[in-house]
Amino acid sequence: MYICDREYDIIVVGAGHAGCEAALACARMGCATLLLTINLDSVALMPCNPAIGGLGKGHLVREIDALGGEMGKNIDKTGIQFRMLNTRKGPAVQALRAQADKQQYRLSMKAVLESQEGLDLKQELVEELLIEKGKAVGVATQNRAKYRAKAVILCTGTFLNGLIHIGLTSYPAGRAGEFSSVRLAQQLPDLGFLTGRLKTGTPPRLDAKSIDLSSFSAQSGEDIPTPFSFTTEKIKQPQINCYLGYTNPKTHQIIRDNLDKSPMYCGLIKGIGPRYCPSIEDKVVRFAGKERHQIFLEPEGLNSQEIYANGVSTSLPLEVQVSFLRTIEGLEQVQVMRPGYAIEYDFIPPTQLKPTLETKPLKNLYHAGQINGTSGYEEAAAQGLWAAINAVCKLRKRTAFILKRSEAYMGVMIDDLVTKGTLEPYRMFTSRAEYRLLLRQDNADLRLMGYGYRLGLIPAPQYQQLQQKRKSIKGELLRLKKSMVSPHEKELPAEIVIKASCSLAQLLKRPHVNYAHLEALDKKSPGLSADVIEQVELELKYEGYIARQLAQLEKLKQLEDYTLPAKLDYQRIPGLSTEVRQVFGRIKPVSLGQASRIPGVTPAAISILMVYLKRKRSSQ
């Protein structure tokens with residue numbers, strides 16, 4: 001047996017999007033880090049949609065970037081179509097999405113990992129956690145090697161007992177073409193973890209040479225792409241079109257005729273799939289009255305002929321996939337390069353985690369990504385960064401890194417997972433955030449970059465630029481509120497009507513007025529950057545709504561700040577129901593705020609808990 005002669009501070013298992021962010025953050029915070037992965041050629045691979053961002057998810061990418069993560073920078077270097085979504089709606093729900101060059105994204109992230117000081121990469125299949133006195137102290141691998149560390153972060157994705165389904169054929173795999181992690185999956189229940197089973201899927205990849213794109217509607221991106229990272233000045237690489245088409249009644253009939261060959265409909269698949277990303281079989285059955293469904297053709301790279309057929313995720317047999325695809329206009333001669341498939345995998349229900357993502361059954365073991373029941377690259381990356389920061393903080397005896405629901409989408413996601421758990425693949429949506437007007441993607445740097453700087457993940461020059469930006473915003477808001485305009489002003493634009501003197505700030509609050517309208521009136525404009533102007537406009541236009549959300553936050557502050565003892569014995573609290581005692585004992589909430597969000601916990605139970613704690617503290 002090979003025993004590594006070096007003890008690491010932290011070992012990260014898995015090099016998907018969670019593992020990449022976790023390993024980089026650990027190393028950048030000064031920890032000796034080892035990243036282990038089954039295949040070094042699959043680092044940061046996009047096994048499903050080759051895209052980053054989207055509604056809710058784009059917010060997470062911006063937050064990752066503001067904290068010093070890599071995902072935003074990497075997609076900016078490798079994105080081949082950028083689009084801002086929901087531009088007709090308010091700023092709280094607008095989000096950036098980018099199509100990626102799949103292979104360039106992977107290669108670019110691998111290059112960053114390989115060049116990171118303090119980080120080692122090794123190709124190993126981890127089969128066992130090494131445990132001593134209730135703590136994770138390393139891992140053992142298929143190659144009969146042992147690696148020791150002070151903490152371990154599991155980022156196993158869909159590899160735990162992964163099982164692929166194509167029609168009635170099933171075989172073990174973490175994803176198509178890669179091994180499943182079986183022995184590690186078998187060990188986790190023996191270590192005291194409850195496990196569950198989830199399912200996800202992917203559509204077929206098509207050969208671009210066999211597609212008549214003239215039958216599809218071209219979908220272009222932005223003329224001047226908006227970057228994800230606050231450090232990216234400009235997107236430099238070429239941009240491409242995606243294409244929109246539709247299924248039809250013939251497509252649906254072929255699918256209905258072959259449902260007996262669908263592993264989902266004949267009982268082969270036991271895991272629960274994502275509600276918000278259904279397969280084409282699901283769409284046809286659940287929306288039987290709908291005559292067509294969208295299919296987006298998304299190129300997988302500038303130098304690739306593979307097309308991702310977004311919208312027709314399926315696990316039907318290959319011959320059925322080819323048959324129904326060829327009923328779609330423009331795909332009459334299509335060739336399938338890779339079939340779509342479904343994959344089942346084990347996950348660890350995340351109520352077994354602390355808010356730091358450290359596990360409750362074992363100390364110094366952290367879980368991040370799909371092992372926690374989430375779905376999506378962005379959710380995984382955010383968890384990887386969060387787990388890494390907290391692992392480092394614990395090793396250095398620093399305060400845990402916990403963002404509130406009012407501070408970040410990350411905070412919303414982690415609180416949802418550890419407090420409520422999930423029975424289906426969890427996906428981030430703007431609707432999950434109660435304070436989404438405060439958590440816009442455009443102000444992620446103002447909200448979070450200070451944390452990143454103090455953690456050592458944001459360099460000083462970048463933080464100084466943020467401070468200057470903050471100062472410029474504050475100064476401009478004050479100047480606009482002091483600058484007055486008379487109704488007799490000769491330079492007043494025709495579309496602006498005022499009946500009495502008002503400030504430029506009051507004018508800018510009007511829905512149809514922006515900075516460009518003020519140019520003729522504002523002789524002392526300091527010539528600010530576009531990002532400062534954006535923040536000033538939004539602050540003024542939504543000032544009332546923002547003030548209302550801040551007032552709501554102040555009312556809830558008492559609950560969020562009221563911490564609960566880690567060893568509180570809920571069985572001794574009179575008045576609580578047996579059910580509430582059990583759920584409190586299992587979740588172990590860290591505050592009254594978290595306790596109040598646990599499913600099944602009533603306001604009366606929170607009141608009983610608060611009264612009990614106040615009496616106990618006053619008697620001490």
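Predicted model, so just to flag it, every value in this text is computed and none were measured.
- With a 6.0 Å radius and a threshold of 12 heavy atoms from other residues, nucleotides or ligands, Phe429 has its CZ atom above the threshold.
- If you check the side chains of Asp120 and Tyr8, you find a donor sitting under 3.5 Å from an acceptor.
- Identified under the side-chain hydrogen bond (donor to acceptor under 3.5 Å, both in side chains) test for residues 13-28, with sequence neighbours left out: Arg28-Glu70, Arg28-Gln116.
- Using a cutoff of 4.0 Å between basic side-chain nitrogens and carboxylate oxygens, Glu379 and Arg427 are not scored as salt-bridged.
- Under the side chain to side chain contact (heavy atoms under 4.5 Å, CB included) criterion, Ala387 pairs with Ile153, Leu357, Tyr366, Ala368, not counting sequence neighbours.
- Annotation for Lys363: atom NZ does not count as buried by contact number, only 12 or fewer foreign heavy atoms lying within 6.0 Å.
- For Glu344, the side-chain hydrogen bond (donor to acceptor under 3.5 Å, both in side chains) partners are His165, not counting sequence neighbours.
- Remark: Lys199 engages no residue in a side-chain hydrogen bond (donor to acceptor under 3.5 Å, both in side chains) (not counting sequence neighbours).
- Every pair tested for ring-ring contact (aromatic ring centres under 6.0 Å, His included) that includes a residue from residues 129-156 fails, sequence neighbours excluded, so the list is empty.
- Proximity of a side-chain donor or acceptor of Glu306 to a complementary backbone N or O of Asp207 within less than 3.5 Å is not detected.
- Gln187 contributes no side-chain N or O that, together with a main-chain N or O of Leu184, makes up a donor-acceptor pair within less than 3.5 Å.
- Tyr345 places no side-chain N or O within donor-acceptor distance of the main-chain N or O of Gly174, the cut-off being under 3.5 Å.
- Salt bridge status for Arg144 with Glu128: absent, with no side-chain N to carboxylate O gap under 4.0 Å.
- Every residue meeting the side-chain hydrogen bond (donor to acceptor under 3.5 Å, both in side chains) condition with Thr232, not counting sequence neighbours, appears here in chain and number order: Asp76.
- Scanning both residues, Glu114 and Leu121, for their nearest heavy atoms gives CG-CD2, 4.3 Å.
- Using modelled atom types and a 3.5 Å distance limit, the side chains of Glu124 and Asn143 yield a donor-acceptor pair.
- A side-chain donor from one of Glu281 and Thr314 sits under 3.5 Å from a side-chain acceptor of the other.
- Under the rule for a side chain to side chain contact (heavy atoms under 4.5 Å, CB included), the partners of Pro459 that lie at least two apart in sequence or sit in another chain are Pro461, Gln462.
- For the pair Ser108 (side chain) and Tyr105 (backbone), a donor-acceptor distance under 3.5 Å is absent.
- A search for salt bridge (charged side-chain N to carboxylate O under 4.0 Å, His left out) contacts involving Lys73 returns Asp65, not counting sequence neighbours.
- Contacts of Gln383 classified as side-chain hydrogen bond (donor to acceptor under 3.5 Å, both in side chains), with partners at least two apart in sequence or in another chain: Asn372, Thr374.
- Ion pairing of Arg275 with Glu424 is present here, as a side-chain N (NZ or NE/NH1/NH2) and a carboxylate O approach within less than 4.0 Å.
- Only one option out of Asn74, Leu302, Asn303, Thr78 pairs with Gln104 in a side-chain contact (heavy atoms from CB on, under 4.5 Å); it is Thr78.
- Ion pairing between Arg405 and Asp416 holds under the 4.0 Å rule for side-chain N and carboxylate O.
- Side-chain atoms of Tyr377 do not come within 3.5 Å of backbone N or O of Ala18 as any donor-acceptor pair.
- Using modelled atom types, one finds a donor on one side chain and an acceptor on the other under 3.5 Å when comparing Asn364 with Lys394.
- The aromatic ring centroids of Phe193 and His367 lie less than 6.0 Å from each other.
- Thr158 and Gln370 share no donor-acceptor pair across their side chains, judged by distance under 3.5 Å alone.
- The stretch residues 380-400 participates, sequence neighbours left out, in these ring-ring contact (aromatic ring centres under 6.0 Å, His included) pairs: Trp386-Phe401.
- Under the 3.5 Å distance criterion, with hydrogens and angles disregarded, no donor-acceptor pair is assigned to the side chains of Arg183 and Gln186.
- Looking only at atom types and distance, the side chain of Tyr463 has no donor-acceptor partner in the side chain of Asp445 under 3.5 Å away.
- For Leu168, the side chain to side chain contact (heavy atoms under 4.5 Å, CB included) criterion is met by Cys266, Leu268, not counting sequence neighbours.
- Closest approach of Gln594 to Val418, counting heavy atoms only: NE2-CG2, 3.8 Å.
- With sequence neighbours left out, the side chain to side chain contact (heavy atoms under 4.5 Å, CB included) criterion links Glu178 to Asn39, Ser42, Leu45, Phe159, Arg175.
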